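Just so you know, ligand 1 is whichever comes first in the structure, and atom 1 is the first atom listed for that ligand. Only a predicted model underlies this, so the values are computations on that prediction, with no experimental measurement involved. When reading the values below, keep in mind they use all heavy atoms of this one structure, side chains included, and skip hydrogens, waters and symmetry mates.
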Amino acid sequence: MLENMNEKCAVVGIFGHKEASKLAYFSLHALQHRGQEAAGISSSDGEKLHTIKDRGLVMRVFNEKKLSTLSGKSAIGHTRYSTAGNDSILDAQPVFARYDLGEMAIVHNGNLTNAAEVRNKLIEKGAIFQTFMDTENLIHLIAKSEKKQLLDRIVDAVQRIEGAFSLVFLSRTKMFAMRDRHGFRPLSLGRIANGGYVVASETCAFDLIGAEFIRDVEPGELLIFEEDKAPKSIKVFEPTPKRCIFEYVYFSRPDSKVFGQSVYQMRKNMGKELAAIKPVEADMVIPVPDGGVPAAIGYAQASGIPYEMGIMRNHYIGRTFIEPTQEMRDLKVKMKLSPMTDIIKGKRVIVIDDSIVRGTTSRRIVKMLKEAGASEVHMRISSPPTTDPCYYGVDTPDKEKLIAANMSIDEICEFIEADSLAYLDETSLLKSVNATEDNYCTACFTGKYIV
Ligand code: AMP
């Protein structure tokens, strides 16, 4: 159960701004793509913390009236994604607690690999848990720490957890931001134009609230925010960077700068590399929107084959609940993605997507394009085959459900009924993102786990 929690999330922290909760709210809008299950904000007015969180999109959880109750000059926020199991309100973040030093709220992006072990030890000592979230472990570790200051207790607590964590803590008067020693998940620091600081999972949040990017929070670094002071940095762990390469492949927004580089540019590079190593004759290059767009632009530019919008995406489709028959399932894909029949009829098309997970999307897309009259459909994937699940914060299914863990590329091609299928290889992927050393985590493509 624990493994399913806290995946694919966004965190934000605003410090030293009179409209802190509003800025956190706008930031969460920019980060909505990282999680749509639940959203929440805690603010501090200096004496008391205020928290609102609920299931659903940021827009549904908050309104003007609710935001006005989140008073104070500091606020932290979260959007949550989880696949299986618990969509209980209890599992929304921020996680809030009262303890001997006062009040505290925490938001977390990532996944703790020793969560069950830590939790069992805490339970043996009498701790009572309210949620399934690994983040709740931190509350207990901080509350039980024998250190006198919150800062020392945080340092104490993070030394007992393992795995991926980009964390923001809020107390009544301070804010803390921390990345694990590998820096799996991103976290950036910015300066707000009319005063104060922001930390967020992606810099697209900065652009929205008019903040200027300063730098990334470093792997293993803890930043402390106090009133009228510049953020103070402590190196808690010796950094051994293993940034998540999947942030570039799929997860982050193209207008963000993640791990110091433009996501859009990295994806375009992947498309260019793909065109170089996996060429095919065709009339046009089309993306699977939205994920495949930048790589398709790169592929088209490098190959000289025209880029076309061959598939239309409906942005207003949320979850559809009608699924019982195959016919209805196909209809569901068509509701989200429809073929531009006039453009693709009689044409040889190269379709670019960022990844194949279970294979269902690709299979349906090929079928849809063929039905719309495409004469040939060549699938090109801008990352290597996804063969292994992620334990560091990206939502991937079990190995049995990953098509590339169970079939060869030829077999997958046959399954999705494409005329050809090719993936980017690991070396070309690393080249695309300018990885000069072994500083990225590629476990989902290679099974090389570090923790
Ligand atoms: P599938 O149908 O299972 O093969 O899913 C492939 C599609 O899911 C691709 O279009 C990807 O853009 C998208 N995708 C890849 N990874 C994830 C993820 N972790 N969460 C949600 N969607 C994803």
Heavy-atom nearest neighbour in the protein, as seen from [atom], with distance rounded to 0.1 Å:
| atom | result |
| --- | --- |
| atom 16 (N) of ligand 1 | Phe246 CZ, 3.5 Å |
| atom 3 (O) of ligand 1 | Arg358 N, 2.7 Å |
| atom 8 (O) of ligand 1 | Val357 CG2, 4.4 Å |
| atom 20 (N) of ligand 1 | Lys8 NZ, 3.3 Å |
| atom 21 (C) of ligand 1 | Tyr250 OH, 3.2 Å |
| atom 10 (O) of ligand 1 | Asp353 OD2, 2.6 Å |

- Message: Under the salt bridge (Lys or Arg N to Asp or Glu O under 4.0 Å) definition, can you give me all pairs with a residue in residues 258-274, not counting sequence neighbours?
- Response: Glu273-Lys431
- For ligand 1, find out whether one of its N or O atoms is nearer than 3.5 Å to an N or O atom of Gly359. yes
- Could you tell me whether Val394 and ligand 1 have an N or O pair separated by under 3.5 Å? no
- Note on the structure: Sequence neighbours excluded, the answer for salt bridge (charged side-chain N to carboxylate O under 4.0 Å, His left out) partners of Lys345 is none
- Please state which part of Asp354 comes within less than 4.0 Å of ligand 1, counting heavy atoms only: side chain, backbone, both or neither. side chain
- Classify the contact between Phe251 and ligand 1 as side chain, backbone, both or neither, using a heavy-atom distance cut-off of under 4.0 Å. neither
- Query: Can the ring centres of Phe259 and Tyr248 be said to be less than 6.0 Å apart?
  - Reply: yes
- So, Phe251 versus Phe246, ring centres under 6.0 angstrom or not? no
- Message: Please confirm whether Ser355 approaches ligand 1 to less than 4.0 Å, judged on its heavy atoms.
- Response: yes
- Message: Check this for me, if you would: do Glu247 and Arg185 make a salt bridge, where the nitrogen-to-carboxylate-oxygen distance has to be below 4.0 angstrom?
- Response: yes
- Query: Between Tyr449 and Tyr391, how do the two ring planes meet: parallel, tilted or perpendicular, split at 30° and 60°?
  - Reply: tilted
- Residue selection (non-hydrogen contact nearest atom 7 (C) of ligand 1) among Asp395, Thr361, Ile412: Thr361
